[in-house]
Amino acid sequence: KAGVTQTPRYLIKTRGQQVTLSCSPISGHRSVSWYQQTPGQGLQFLFEYFSETQRNKGNFPGRFSGRQFSNSRSEMNVSTLELGDSALYLCASSSNIGGRVETQYFGPGTRLLVL
Amino acid sequence: AQSVTQPDIHITVSEGASLELRCNYSYGATPYLFWYVQSPGQGLQLLLKYFSGDTLVQGIKGFEAEFKRSQSSFNLRKPSVHWSDAAEYFCAVGGQAGTALIFGKGTTLSVSS
């Protein structure tokens, strides 16, 4: 099976712009989670989508949003970019069959640099 | 509060020597525990996980970890380190479906020859 894919891999934006990142989960996986990784804060949970519904949300401002499509692909959007949004954004997918806990498998990430 | 602590920020081990990376967690519900590894510029690769059952779990690349409920620990071990093991290692705890993984700050492993 192909792993989790994320596009683009690298992105440079300027303050005030918006950005959209894409994630394709492992085939058959219906849950997609997003994490932000920075040197200072480490890995922090952004949100999780399951069957096109946001099921859980981390402690991030409303500038961070996401959605999931019927094929389980997910996008996250950051509006009005700030310098502090520079980070590696990681997407993870899991099967979540029957509501039990499942392993999250991570993609390679999108490296966002805000200038 | 739910948290994961990895006390060692950076560890250097000689090639061929044994390794133990420490992880302590605080979690209100039944913890599901994971170790991930991250090479520079890469995503996270799952090394091993503990959901239930035998408290000593085996993972990929010769790694193992032991869950000790009384100590709230899930330490990662490897009997003989290879130069290719140099990377950053993250311990994480999660709960039921839909809950977020909570990660430690990570331990950077350097391997000396």
Side-chain angles (χ1 to χ4, degrees), chain A residues 3-7 9-10 21 23-26 29-51 53-60 68 87-111 113, chain B residues 1-10 23-25 27-53 57-60 63 65 67 74 87-108:
Chain A
V4 178
T5 59
Q6 293 186 246
T7 57
R9 291 293 310 279
Y10 304 93
L21 312 182
C23 171
S24 292
I26 293 170
H29 283 191
R30 296 167 61 191
S31 169
V32 174
S33 297
W34 289 89
Y35 294 82
Q36 181 196 64
Q37 185 179 24
T38 60
Q41 299 300 316
L43 282 150
Q44 295 183 286
F45 172 74
L46 282 155
F47 29 65
E48 187 246 359
Y49 285 86
F50 179 77
S51 292
T53 300
Q54 187 181 87
R55 188 163 58 174
N56 197 1
K57 189 178 188 304
N59 188 26
F60 277 82
Q68 186 181 33
L88 181 66
Y89 290 88
L90 292 164
C91 166
S93 78
S94 62
S95 57
N96 265 195
I97 298 172
R100 65 175 189 247
V101 66
E102 294 286 349
T103 303
Q104 293 186 27
Y105 296 92
F106 285 81
T110 294
R111 174 77 61 186
L113 177 62
Chain B
Q2 300 169 353
S3 65
V4 175
T5 301
Q6 295 181 244
D8 304 304
I9 297 173
H10 189 194
C23 172
N24 291 95
Y25 68 90
Y27 199 74
T30 300
Y32 301 100
L33 296 154
F34 307 83
W35 275 99
Y36 288 89
V37 61
Q38 185 178 38
S39 298
Q42 302 297 314
L44 301 175
Q45 181 183 22
L46 178 71
L47 284 176
L48 48 77
K49 62 190 177 186
Y50 173 77
F51 286 176
S52 64
V57 294
Q58 303 297 320
I60 63 170
F63 286 93
F67 171 58
F74 188 56
E88 191 161 18
Y89 291 79
F90 293 92
C91 180
V93 64
Q96 292 298 323
T99 58
L101 285 177
I102 299 167
F103 286 87
K105 294 293 189 183
T107 298
T108 299

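Below, chains carry the letters A, B, ... as their sequence lines are ordered, and counting in each starts from 1.
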inquiry  = Is B:Gln45 in contact with chain A via its backbone, its side chain, both, or neither, using a 4.5 Å heavy-atom distance?
reply    = neither
query = With a 4.5 angstrom heavy-atom cut-off, which part of B:Leu44 approaches chain A: side chain, backbone, both or neither?
reply =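 For B:Leu44, backbone and side chain are both near chain A.
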query = Taking atom OG1 of A:Thr103 and atom CZ of B:Phe51, what is their separation to the nearest 0.5 Å?
reply = 4.0 Å
ask   = Atom CZ in B:Phe103, atom CD in A:Gln37: separation rounded to 0.5 Å?
value =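 Taking CZ in B:Phe103 and CD in A:Gln37, the distance rounds to 8.5 Å.
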query = So, does B:Lys105 use its side chain to make a donor-acceptor pair with the main chain of A:Gln41 at under 3.5 Å?
reply = yes
key: Whether A:Tyr35 side chain and B:Leu101 backbone form a donor-acceptor pair below 3.5 Å   =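 A pair under 3.5 Å: yes.
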inquiry  = Looking at chain B, which one of A:Arg111, A:Lys57, A:Gln104 has the largest number of heavy-atom pairs inside 4.5 Å, strictly under?
reply    =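 Maximum pair count with chain B is reached by A:Gln104.
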inquiry  = I want to check something: taking the side chain as every heavy atom from C-beta on, are A:Leu43 and B:Gln38 in contact at a cut-off of under 4.5 Å?
reply    =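 When only atoms from C-beta onward are counted, B:Gln38 and A:Leu43 do not touch, as no gap falls below 4.5 Å.
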query = Hey, is CD1 on B:Ile9 packed in by over 12 heavy atoms from elsewhere, all under 6.0 Å?
reply =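 Result for CD1/B:Ile9: open.
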inquiry  = Counting only non-hydrogen atoms closer than 4.5 Å, does A:Leu46 touch chain B with its backbone (N, CA, C, O), its side chain (CB onward), both, or neither?
reply    = neither
